[in-house]
Amino acid sequence: MNRLRGGCYCGATAYEVEDAFRYAMNCHCSQCRRTTGAAFKPFAGIEIGKIEPTKGKETLLIVGDPAAAHDLHCGACGSLLYSVVRENAWAHVAMGTLIDPPSIRPQMHIMVGSRAPWFEITDDLPQFDEFPG
């Protein structure tokens with residue numbers, strides 16, 4: 001399986017992930033907007049065992065409950081690398097931190113019901129007001 005490299009802005013942290021993402025979405029919820037500082041967060045979902053920190057593991061900043069949903073950030077520059085979700089079984093990789101291009105592309109926009117009022121979605125991807133069932 002092809003492995004992709006990813007990392008933070010300053011280079012203090014890095015990870016590798018299999019290019020075996022199960023889904024990819026653009027999330028417009030207010031939490032993702034605040035975490036990324038952008039209109040939405042493009043993320044790709046994969047089983048947690050298929051992603052591995054390779055550099056700076058000891059300096060990762062965990063935001064949230066480590067026993068529940070939480071985000072992993074670089075402890076030096078604050079870049080959001082990925083979120084651990086769905087009972088700690090899945091990682092939602094912030095696609096902007098991937099160095100190598102993944103084979104998957106975002107398939108839809110989610111949480112559009114709470115999107116930034118100043119941002120207009122201009123592509124033809126399906127839109128969902130919440131997380132699709």
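All residue numbers refer to positions in the sequence shown, counting from 1.
Rounded to the nearest 0.5 Å, atoms CE (Met25) and SG (Cys32) are 11.5 Å apart. The CG atom of Asn26 lies 7.0 Å from the CG atom of Asp123; values are rounded to the nearest 0.5 Å.
Linking Ile, Leu, Val, Met, Phe, Trp and Tyr whenever their side-chain heavy atoms come within less than 4.5 Å puts Leu72 and Val17 in one cluster. Taking hydrophobic clusters as Ile, Leu, Val, Met, Phe, Trp and Tyr residues chained together by side-chain heavy-atom distances below 4.5 Å, Trp90 shares a cluster with Met111. Leu80 and Val85 are members of different hydrophobic clusters when ILVMFWY side chains are connected at heavy-atom separations under 4.5 Å. A chain of hydrophobic side-chain contacts below 4.5 Å, direct or via other Ile, Leu, Val, Met, Phe, Trp or Tyr residues, connects Val112 to Phe40.
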* Under the side chain to side chain contact (heavy atoms under 4.5 Å, CB included) criterion, do Val93 and Leu98 qualify, and how do the steps go? -> CA-CA 8 Å; Val93 175; Leu98 288 167; 4.3 Å; yes

* Evaluation steps, side chain to side chain contact (heavy atoms under 4.5 Å, CB included), between Thr36 and Phe43 -> CA-CA 11 Å; Thr36 62; Phe43 72 88; over 6 Å; no

* Report the C-alpha separation of Leu60 and Leu81 in whole Å, then their side-chain angles, then the decisive distance to 0.1 Å, and conclude whether the side chain to side chain contact (heavy atoms under 4.5 Å, CB included) test is met. => CA-CA 9 Å; Leu60 286 173; Leu81 302 171; 3.7 Å; yes

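Across Ala12 and Ala76, no two heavy atoms sit closer than the pair CB-CB, 4.1 Å. The shortest heavy-atom contact between Ser83 and Asp71 is OG-OD1, 2.6 Å. In plain terms, the two heavy atoms of His73 and Gly78 that are nearest each other are ND1-O, 2.9 Å. Here the closest heavy-atom approach between residue Met95 and residue Ala44 is recorded as CG-N, 3.8 Å.
Listed by first and then second residue, the salt bridge (Lys or Arg N to Asp or Glu O under 4.0 Å) pairs that reach into residues 29-47 are Arg22-Glu47, Glu47-Lys50, sequence neighbours excluded. Screening residues 92-118 for salt bridge (Lys or Arg N to Asp or Glu O under 4.0 Å), with sequence neighbours left out, gives Arg5-Asp100.
Between the side chains of Thr97 and Tyr15, at least one donor N or O lies within less than 3.5 Å of an accepting N or O.
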When the side chains of residues 126-133 are checked against the rest of the protein, which donor-acceptor pairs come out under 3.5 Å, sequence neighbours left out?
none

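Listed by chain and number, the hydrophobic cluster partners of Leu61 are Val63, where partners are ILVMFWY side chains within reach of under 4.5 Å, directly or through others.
Relative orientation of the His92 and Tyr23 rings is perpendicular, given thresholds of 30° and 60° on the angle between their planes.
With contacts defined as side-chain heavy-atom distances shorter than 4.5 Å, the pair Asn88/Ile48 does not qualify. Residues Phe21 and Leu4 meet the side-chain proximity criterion, which asks for heavy atoms closer than 4.5 Å.
Within the 3.5 Å criterion, the main-chain N or O of Asn2 finds no donor-acceptor partner in the side chain of Asp19.
The ring-ring contact (aromatic ring centres under 6.0 Å, His included) check on Tyr9 picks up nothing, with sequence neighbours excluded. Applying the ring-ring contact (aromatic ring centres under 6.0 Å, His included) test to His109 and every residue at least two apart in sequence or in another chain returns His28.
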